[in-house]
Amino acid sequence: MKRFLNMGLCLLSSALLLTACGKHETKTAEAPAQTEYLVGAEATFAPFEYQNEQKEIVGFDVDIMHAIADKGGFKVKFVNTPFEGIFNFLAQGDRDLLASAITITDERKQTVDFSEPYFEANQLIVVPKDSKVTKFDDLKNMKVGVQSATTGDEIVQKMLGKSNPNIKRLESATLVIKELEAGGVEAVVADNGVVKNYIKHNPSEGFRLISDPAFPKEYYGIAIKKGNADLLAKVNKGLAAIKADGTYDRIYAQYFADSAK
Ligand code: ARG
């Protein structure tokens, strides 16, 4: 009788997933549900994050983030998020992570934490083929388009002056390039990967790209709410793992096959 009672208790406790009975650890048969983190991205920034025909957010950052999540045993879900003010979404708890081709800067580091860098980038100037511009300095008295709140915006503001009406600040890089096409601006300053991708897919547009030594190297990082050390560690661990086992290189080659790393 006592034995049966013991067994009963044992079954009961294993059902509650609490106790080990005798020598055998009783583990839950079902894996615990994985945490799903919301990832903010401004998804008009191909090939890093953009919407496909089914309106799903896809791209390099999406694949990298999913690969990191796989390593860490968590899930991620991308949510389209405006770039201007994107860091507030972390602070308010509306997003857990931001993977949006975000350049790690000292200023941003004061409000959010960043993962280790996962991509190297730089600004490029885009001008119509027949433009006289050859360097950044030539843009001083020109109408220049930038995506608001980006590092391109910062660098142009620094040179032309913060409230210079010649700076046209729009909410997406695509809109900025369209503005150049329409003649609303004479030049655009934006991330290399995005403008190169645009030109590749719109080869008929008569654009020329100019790089300038005044543009520093930039590194993209995944942003996390300040002080969330657990998540930061998970992301960094996953990133290191996908770099080590070739997953990163495979994803990189898929998107940037024709450019050297
Ligand atoms: N790398 C630039 C920055 O951090 C531009 C990023 C824009 N990203 C985007 N998904 N729209 O400021």
Side-chain angles (χ1 to χ4, degrees), residues 38-52 55-66 76-91 94-126 136 144-159 162 167-180 187-198 201 209 211-212 214-224 251-252 255-256 259:
L38 294 185
V39 187
E42 193 280 305
T44 59
F45 211 68
F48 297 96
E49 44 270 334
Y50 59 101
Q51 287 183 314
N52 63 14
K55 296 274 167 225
E56 298 152 339
I57 302 177
V58 294
F60 178 77
D61 287 349
V62 181
D63 290 357
I64 291 290
M65 201 59 246
H66 277 281
V76 288
K77 186 175 171 214
F78 273 74
V79 186
N80 206 353
T81 308
F83 198 77
E84 181 144 31
I86 198 164
F87 299 108
N88 296 334
F89 285 83
L90 281 185
D94 294 329
R95 306 284 183 273
D96 303 298
L97 298 156
L98 304 173
S100 192
I102 299 174
T103 302
I104 302 170
T105 70
D106 287 341
E107 197 188 334
R108 291 171 177 173
K109 272 197 217 160
Q110 296 182 0
T111 52
V112 295
D113 287 338
F114 281 103
S115 69
E116 292 298 319
Y118 69 91
F119 195 86
E120 190 186 309
N122 57 265
Q123 298 299 305
L124 281 180
I125 303 165
V126 195
F136 189 38
V144 184
V146 293
Q147 182 183 6
S148 310
T150 59
T151 43
D153 187 4
E154 274 169 37
I155 204 161
V156 168
Q157 284 195 32
K158 234 184 242 161
M159 175 149 100
K162 226 179 167 64
I167 308 176
K168 199 150 195 179
R169 305 171 69 238
L170 300 172
E171 70 197 34
S172 83
T174 320
L175 284 177
V176 177
I177 298 176
K178 295 255 179 269
E179 191 66 16
L180 182 65
V188 160
V189 176
D191 290 28
N192 57 340
V194 163
V195 296
K196 280 186 178 163
N197 182 78
Y198 186 89
H201 291 99
L209 297 178
S211 60
D212 191 293
F215 299 145
K217 266 191 189 163
E218 299 186 17
Y219 295 94
Y220 296 167
I222 295 154
I224 297 155
I251 298 172
Y252 187 97
Y255 288 91
F256 306 102
S259 49

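Indexing begins at 1, ligand by ligand and atom by atom, following the structure's order.
When atom types are taken as modelled, the side chain of T174 and the backbone of T44 share a donor-acceptor pair closer than 3.5 angstrom. A donor-acceptor distance shorter than 3.5 angstrom exists from the side chain of N80 to the backbone of A43, with no hydrogens or angles considered. A side-chain donor-acceptor contact under 3.5 Å links D212 to the backbone of F136. The backbone N or O of N122 lies less than 3.5 Å from no partner atom in the side chain of E218, so there is not a single donor-acceptor pair.
Near I102, meaning under 4.0 Å from one of its heavy atoms, ligand 1 places the atoms 4 (O).
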Let me see the working for F60 and F256 under side-chain contact (heavy atoms from CB on, under 4.5 Å), right down to the final yes or no. CA-CA 9 Å; F60 178 77; F256 306 102; 3.7 Å; yes
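Protein heavy atom closest to atom 6 (C) of ligand 1, with residue, atom name and distance, is A101 O, 3.2 Å. Scanning the protein heavy atoms around atom 10 (N) of ligand 1, the nearest turns out to be S100 OG, 2.8 Å. In terms of protein heavy atoms, atom 11 (N) of ligand 1 is closest to E42 OE1, 2.6 Å.
Contacts of E49 with ligand 1, taken as heavy-atom pairs under 4.0 Å, involve the side chain alone. Using a 4.0 Å cut-off between heavy atoms, R108 contacts ligand 1 through its side chain alone, with no backbone atom that close. Within the 4.0 Å heavy-atom criterion, the part of D191 lying near ligand 1 is the side chain and not the backbone. Contacts between Y220 and ligand 1, counted as non-hydrogen atom pairs separated by less than 4.0 Å, involve the side chain only.
Taking every heavy atom of both residues into account, I125 and A187 meet most closely at CG2-CB, 4.3 Å.
Atom CD of Q110 sits about 8.5 Å away from atom OG1 of T105, to the nearest 0.5 Å.
Selection from T105, V146, T151 by nearest heavy atom to atom 3 (C) of ligand 1 gives T151.
For F119 and F48, the gap between ring centers is short of 6.0 Å.
Looking at ligand 1, you'll find an N or O of Q147 within less than 3.5 Å of one of its N or O atoms.
A173 does not count as a contact of ligand 1, since none of its heavy atoms falls under 4.0 Å from the ligand. Within the structure, ligand 1 lacks E154 among the residues with a heavy atom less than 4.0 angstrom away.
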